Amino acid sequence: MLGALGAIADLAWLGAIVVFLALTAVRQRALGLRGFLFWIFALWLSEAATRYGFLTGDLQLAKTAVWLSVLAFTAVLGLALARPVCGPPRHHPGLRADLHTQKTDGGVAS
C-alpha cells in the first residue's frame with residue numbers, strides 16, 4: 001500500500017514539473033526549453049516504468065527503466081550545466097583594467 005502511494009506521489013511531483021515547464025515554455029515562447037521538456041518528460045516516463053516494474057514484481061522492466069532514468073537524468077543535468085548562469089564574465093568594478101600591467105618600484109610588473 002505504501003509503495004503504491006509513494007509511486008503516485010513521486011510521479012505526481014515529477015508530472016507537476018513537466019506541466020510547469022511546458023506551460024512556461026508556451027507562455028514565454030521559450031524555444032530553448034524544448035530540450036529540458038523532452039528530457040524531463042523522458043525521465044517521468046522512465047520513472048513511471050520503474051515504479052510499475054517494482055509494484056508488479058517485473059524486475060527486468062524495473063532494471064531497464066532505472067538505466068533509462070539515469071540516462072534521462074544525466075541529459076537533464078548536462079543541459080543545465082551547459083547553460084550560463086549569470087551571463088558573460090565581468091571584471092570587478094573596483095579593479096582597474098590596467099592593474100596587471102602597472103609597474104611598481106624597481107620596474108617589476110605586479
Side-chain angles (χ1 to χ4, degrees):
M1 175 62 185
L2 287 179
L5 183 63
I8 291 170
D10 186 36
L11 292 175
W13 78 263
L14 200 51
I17 291 173
V18 169
V19 169
F20 173 75
L21 191 59
L23 289 176
T24 302
V26 169
R27 189 177 320 125
Q28 295 183 356
R29 294 181 182 93
L31 296 177
L33 292 178
R34 288 181 300 178
F36 277 110
L37 184 59
F38 174 79
W39 286 110
I40 290 285
F41 185 70
L43 181 63
W44 183 75
L45 284 178
S46 59
E47 283 296 316
T50 301
R51 301 301 179 216
Y52 179 76
F54 283 148
L55 290 174
T56 60
D58 188 357
L59 296 183
Q60 185 61 36
L61 172 65
K63 180 181 173 183
T64 304
V66 164
W67 280 106
L68 291 174
S69 296
V70 168
L71 174 70
F73 180 76
T74 305
V76 169
L77 184 62
L79 284 174
L81 292 177
R83 292 180 179 267
V85 176
C86 52
R90 288 175 274 188
H91 295 290
H92 190 276
L95 295 178
R96 294 192 325 248
D98 63 338
L99 181 66
H100 297 292
T101 59
Q102 266 186 342
K103 303 263 185 200
T104 59
D105 42 291
V108 180
S110 60

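All of these numbers come straight from a predicted model, not from anything done at the bench. Hydrogens, waters and symmetry mates are skipped; everything else that's a heavy atom, side chains included, is used. Just so you know, residue 1 is the first one in the sequence shown, and it goes up from there.
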For the CZ atom of Phe73 and the CG atom of Leu68, what is their distance to the nearest 0.5 Å?
15.0 Å
Which atom pairs, donor and acceptor, lie under 3.5 Å between side-chain atoms of residues 2-18 and protein residues at least two apart or in another chain?
{"from": "Asp10", "atom 1": "OD1", "to": "Trp13", "atom 2": "NE1", "distance (Å)": "2.8"}
{"from": "Asp10", "atom 1": "OD2", "to": "Arg51", "atom 2": "NE", "distance (Å)": "3.0"}
{"from": "Asp10", "atom 1": "OD2", "to": "Arg51", "atom 2": "NH2", "distance (Å)": "2.7"}
{"from": "Trp13", "atom 1": "NE1", "to": "Asp10", "atom 2": "O", "distance (Å)": "3.3"}

Acceptor/donor pairs from residues 23-38 side chains to any protein atom, 3.5 angstrom cut, sequence neighbours excluded:
{"from": "Thr24", "atom 1": "OG1", "to": "Phe20", "atom 2": "O", "distance (Å)": "2.8"}
{"from": "Arg34", "atom 1": "NE", "to": "Leu31", "atom 2": "O", "distance (Å)": "3.1"}

Scan for side-chain hydrogen bond (donor to acceptor under 3.5 Å, both in side chains) pairs involving residues 57-80, sequence neighbours excluded, and state none if there are none.
Ser46-Ser69, Glu47-Ser69
Listed partners of Ala65 passing side chain to side chain contact (heavy atoms under 4.5 Å, CB included), at least two apart:
Ala49, Thr50
Contacts of Trp44 that satisfy ring-ring contact (aromatic ring centres under 6.0 Å, His included) - sequence neighbours left out:
Phe41
For Leu61, the rest of its hydrophobic cluster, which grows through side-chain links under 4.5 angstrom:
Tyr52
Among the clusters formed by ILVMFWY side chains lying less than 4.5 Å apart, do Leu79 and Leu21 turn up in the same one?
yes
Can you name the nearest heavy-atom pair linking Trp39 to Ala75, along with the distance?
CD2-CB, 3.4 Å
